[in-house]
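Below is one structure, written out as structure tokens, with a few remarks after it.
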Amino acid sequence: MTEPRPGRTLIDAETLRARVSELAADVSRDYKGRDLLVIGVLKGAVFFIADLVRELTVPCELDFMAVSSYGSSTHSSGVVRILKDLDHPIAGRHVLLVEDVIDSGLTLTYLVRNLQSRGPASLEICTLLTKPRHRALPISARYTGFDLPEVFVVGYGLDYNEHFRGLTRIAELDGAG
Ligand code: IMP
Ligand code: MG
């Protein structure tokens, strides 16, 4: 068996850059005059967040959570464990939760429920990618970068067993079972 590796490009770097700019413009328009708190989900969303917040025209604070969803390397189980919690409370804050990809929706459903219980003034989701055909739970994002077919992808923060996050494009993973 050969090692899985990045294959066909689904989204190239220039297309990513242009779409992230559009999302930043949408977020900037919607949060004008509000105290925006951007919460990133480590580690996959880091590249996306870094590019997104640099294009925001509204002030924002940043915080991060790390979660692990148990399961195989290409399928999540829905059992989520918090590895790193937020540094600060979010009560009364306008929170934008930024994710790399919504697949089954299990991870985000858990996170949204967890964050809602902390009493934010508002909570919206911004995801770079979504695979709507694979959804097990009905969750949708206020801001979505791209719809993907039901394939496993790597690059621009997304990994396969911690590999390939640094690719500047989003590529389909070849050779994974
Ligand atoms: P969900 O719980 O099935 O929605 O999965 C969400 C998490 O699984 C994401 O935050 C990613 O960490 C991971 N994931 C889902 N699909 C992919 C993919 O195509 N490539 C890399 N990671 C993925
Ligand atoms: Mg992730």
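Residues take their numbers from the sequence shown, with the count starting at 1. Counting convention: from 1, in listed order, for ligands and their atoms alike.
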**Asked** Are any of the side-chain heavy atoms of M65 and L115 separated by less than 4.5 Å?
**Response** yes
**Asked** Which ligand 1 atoms does K131 reach within 4.0 Å, using its non-hydrogen atoms?
**Response** 16 (N), 17 (C), 18 (C), 19 (O)
**ligand 1 atoms in contact with E99 (distance to a heavy atom under 4.0 Å)** = 10 (O)
**Message:** Give the atom numbers and elements of ligand 1 that come within less than 4.0 Å of a heavy atom of V101.
**Reply:** 6 (C), 9 (C), 10 (O), 11 (C), 14 (N), 15 (C), 16 (N), 17 (C), 23 (C)
**Fill in**
Per-atom filter on ligand 1: closer than 4.0 angstrom to a heavy atom of L106 are 2 (O), 4 (O)
**Request:** Flag yes if more than 12 heavy atoms outside K32 fall under 6.0 Å of its NZ atom; otherwise flag no.
**Result:** no
**Request:** Determine the minimum heavy-atom distance between P4 and F164, stating which atoms define it.
**Result:** O-CZ, 3.6 Å
**Request:** Out of F152, F164, Y110, Y160, indicate the one that has the non-hydrogen atom closest to atom 22 (N) of ligand 1.
**Result:** F152
**Prompt:** Less than 4.0 Å between a side-chain N and a carboxylate O, is that true for R118 and D85?
**Reply:** yes
**Complete:** With heavy atoms and a 4.0 Å threshold, my read on which part of L158 contacts ligand 1 is side chain
**Request:** Identify whether the distance between the nearest side-chain nitrogen and carboxylate oxygen of K43 and D159 falls below 4.0 Å.
**Result:** no
**Prompt:** Under a 4.0 Å heavy-atom limit, does D100 contact ligand 1 with its side chain, its backbone, both, or neither?
**Reply:** side chain
**Message:** Checking the N or O distance criterion of under 3.5 Å, is ligand 1 in contact with G105?
**Reply:** yes
**Asked** So H94 and Y31, would you call those rings parallel, tilted or perpendicular, with 30° and 60° as cut-offs?
**Response** perpendicular
**Asked** Taking the six-membered ring for Trp, are Y160 and F152 parallel (under 30°), tilted (30 to 60°) or perpendicular (over 60°)?
**Response** perpendicular
**Message:** With nothing but distance in play, are any N or O atoms of V153 less than 3.5 Å from an N or O of ligand 1?
**Reply:** yes
**Prompt:** Looking at ligand 1, does L108 have a heavy atom less than 4.0 Å from it?
**Reply:** no
**Request:** Enumerate the atoms of ligand 1 whose separation from the nearest heavy atom of T107 is less than 4.0 angstrom.
**Result:** 1 (P), 2 (O), 5 (O), 6 (C)
**Asked** Can you list the steps and then say if D51 with R17 is a salt bridge (charged side-chain N to carboxylate O under 4.0 Å, His left out)?
**Response** CA-CA 8 Å; D51 288 341; R17 197 202 55 72; over 6 Å; no
